[in-house]
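All figures in this text were calculated on a predicted structure; none of them were measured in a lab. If you read the sequence from its start, that first residue is 1, and numbering goes on from there.
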Amino acid sequence: MTSGTPVVRRSYLDGPYGQIHLRAVTRPQGGRRPLVCFHLTPGSGRMYEALLAEMGADRTAVAPDTPGYGASDPPPAPPAIGDYAAAMAHVVDRLGLGEVDLLGYHTGSKIAMELAITRPDLVHRLVLVSAPAYTEEEEERQRRELGAPAGPRRDGGHLLTHWEALLRWQGLGQTLPLVQREFAEQLRAGPRAHWGYLAAFAYRHADHLPRVPRPVLLLCPDDDLRVPTRRARTLLRDGEYREVPWGHGMADAHTGELAALLRGFLDRD
């Protein structure tokens with residue numbers, strides 16, 4: 001870490017299901033609007049650490065672990081996207097952030113959308129990384145492959161299957177150590193790892209993306225959701241669509257480029 005680089009600090013606050021763990025760079029008032037980042041399923045806010053330090057140069061930047069993931073306590077039963085969004089609204093309120101910008105990635109995009117729809121008083125602009133508009137066949141395949149618990153096997157084969165899935169969609173510039181770090185984070189959800197998928201598959205972009213009342217930048221990366229995300233560009237009510245060459249791990253492998261893109265959209269007003 002170079003001199004002057006913002007320090008990402010970890011902390012907990014009480015939430016609706018127990019403790020919520022978060023990473024944050026907190027700056028005094030007078031900077032840009034705070035940025036709150038929501039991770040994919042079944043990862044954690046750790047995927048944003050480098051980006052928090054970069055964006056924290058001129059604003060408060062926060063990445064909570066959604067309930068049941070990372071180091072956040074789980075809900076008692078599988079939640080809906082609305083439940084996740086309410087928990088994240090609780091974080092924004094408890095931190096006293098006021099109006100914020102949101103960055104959501106995969107499942108995190110749906111949480112960001114729902115938060116903007118239900119609490120427009122909290123949200124100014126949104127950046128969504130992927131917003132898949134699935135066909136019925138694609139949605140059924142995703143539900144079948146990801147929407148059921150994958151219990152541990154005595155021979156450890158479940159670990160190899162998960163590792164190979166991450167390697168299949170290794171992003172541009174995402175090193176093996178970064179893949180390994182994400183692998184470890186995703187294992188932390190244990191038998192509840194699929195709960196976020198169940199919530200996501202029940203929340204369709206075709207129904208909700210046109211209802212988002214705030215400006216949206218939809219990023220379509222080169223990952224497993226590129227094709228269905230391309231279909232979502234016609235669903236934007238007030239927004240922009242942009243394809244980027246990066247994939248998973250972009251917040252680490254292309255931190256400066258991603259931060260510049262975010263600032264170009266978020267800081268227009």
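The backbone N or O of His248 sits nowhere less than 3.5 Å from a side-chain atom of Asp223 that would complete a donor-acceptor pair. Although no hydrogens or angles enter the test, the distance criterion places a donor-acceptor pair under 3.5 Å between the side chain of Asp83 and the main chain of Ala80. Of the possible donor and acceptor atoms, one in the side chain of Thr229 sits under 3.5 Å from a partner among the backbone N and O of Ala131. No donor-acceptor pair under 3.5 Å is formed between the side chain of Glu185 and the backbone N or O of Glu182. Judged purely by atom type and a 3.5 angstrom limit, Tyr197 uses its side chain to pair as donor or acceptor with the backbone of Thr41. Judged by distance alone, with hydrogens and angles left aside, the side-chain atoms of Asp73 form a donor-acceptor pair with the main-chain N or O of Gln19 at under 3.5 Å. A donor-acceptor pair is defined here as one N or O able to donate and one able to accept, closer than 3.5 Å; no such pair exists between the side chain of His124 and the backbone of Arg33. Distance alone, capped at 3.5 Å, is enough to place a donor-acceptor pair between the Thr118 side chain and the Glu114 backbone. Of the possible polar contacts, none joining the Arg23 side chain to the Glu49 backbone as a donor-acceptor pair under 3.5 Å is found. Panel note: side chain Ser44, backbone Asp65; no donor-acceptor pair is recorded below 3.5 Å.
Rounded to the nearest 0.5 angstrom, Ser109 OG and Leu102 CG are separated by 10.0 Å. To the nearest 0.5 Å, atoms OG1 (Thr107) and CD1 (Ile81) are separated by 6.0 Å.
Residues His21 and Tyr69 are not in side-chain contact: their nearest non-hydrogen atoms beyond the backbone lie 4.5 Å or more apart. Residues Leu13 and His90 form a side-chain contact, since some pair of their non-hydrogen atoms from C-beta on lies under 4.5 Å apart. Put simply, the side chain of His39 does not reach to within 4.5 Å of the side chain of His106, judged on heavy atoms. Side-chain atoms of Val8 and Tyr48, non-hydrogen and from C-beta on, never get closer than 4.5 Å to each other. At a threshold of 4.5 Å between non-hydrogen side-chain atoms, the residues Gln142 and Tyr134 count as touching. A 4.5 Å side-chain heavy-atom check between Pro76 and Tyr17 finds at least one atom pair inside the cut-off. Residues Arg181 and Asp252 meet the side-chain proximity criterion, which asks for heavy atoms closer than 4.5 Å. Looking only at side-chain heavy atoms (C-beta outward), Pro64 and Val62 come within less than 4.5 Å of each other.
Leu40 is connected to Trp246 through a chain of hydrophobic side-chain contacts under 4.5 Å among Ile, Leu, Val, Met, Phe, Trp and Tyr, so both are in one cluster. In the hydrophobic clustering of this structure, Leu219 groups with Leu35; members are Ile, Leu, Val, Met, Phe, Trp, Tyr whose side-chain heavy atoms approach within less than 4.5 Å, directly or through other members. No continuous path of hydrophobic side-chain contacts links Leu52 to Val100 [ILVMFWY only; heavy atoms under 4.5 Å]. In the hydrophobic cluster analysis, where Ile, Leu, Val, Met, Phe, Trp and Tyr join through side-chain heavy atoms closer than 4.5 angstrom, Leu236 is grouped together with Tyr203. Phe38 and Phe201 end up in different hydrophobic clusters when Ile, Leu, Val, Met, Phe, Trp and Tyr side chains are linked at under 4.5 Å.
With a 6.0 Å radius and a threshold of 12 heavy atoms from other residues, nucleotides or ligands, Glu99 has its CD atom above the threshold. The environment of Arg237 atom CZ is dense: over 12 non-hydrogen atoms of other residues, nucleotides or ligands sit within 6.0 angstrom. The environment of CZ in Arg94 is crowded: more than 12 heavy-atom neighbours from other residues, nucleotides or ligands sit within 6.0 Å. The 12-atom threshold is exceeded at CZ of Arg226, counting heavy atoms of other residues, nucleotides or ligands nearer than 6.0 Å.
Comment: Arg119 engages Asp93 in a salt bridge, judged by a side-chain N to carboxylate O separation of less than 4.0 angstrom. The pair Arg231-Glu138 counts as a salt bridge, with a side-chain nitrogen and a carboxylate oxygen less than 4.0 angstrom apart. Remark: Arg125 does not engage Asp101 in a salt bridge, criterion side-chain N to carboxylate O under 4.0 Å.
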Discussion item. Using side-chain contact (heavy atoms from CB on, under 4.5 Å), reason through Glu145 and His194 one step at a time and then give a plain yes or no.
Written reply: CA-CA 10 Å; Glu145 294 178 355; His194 66 295; over 6 Å; no
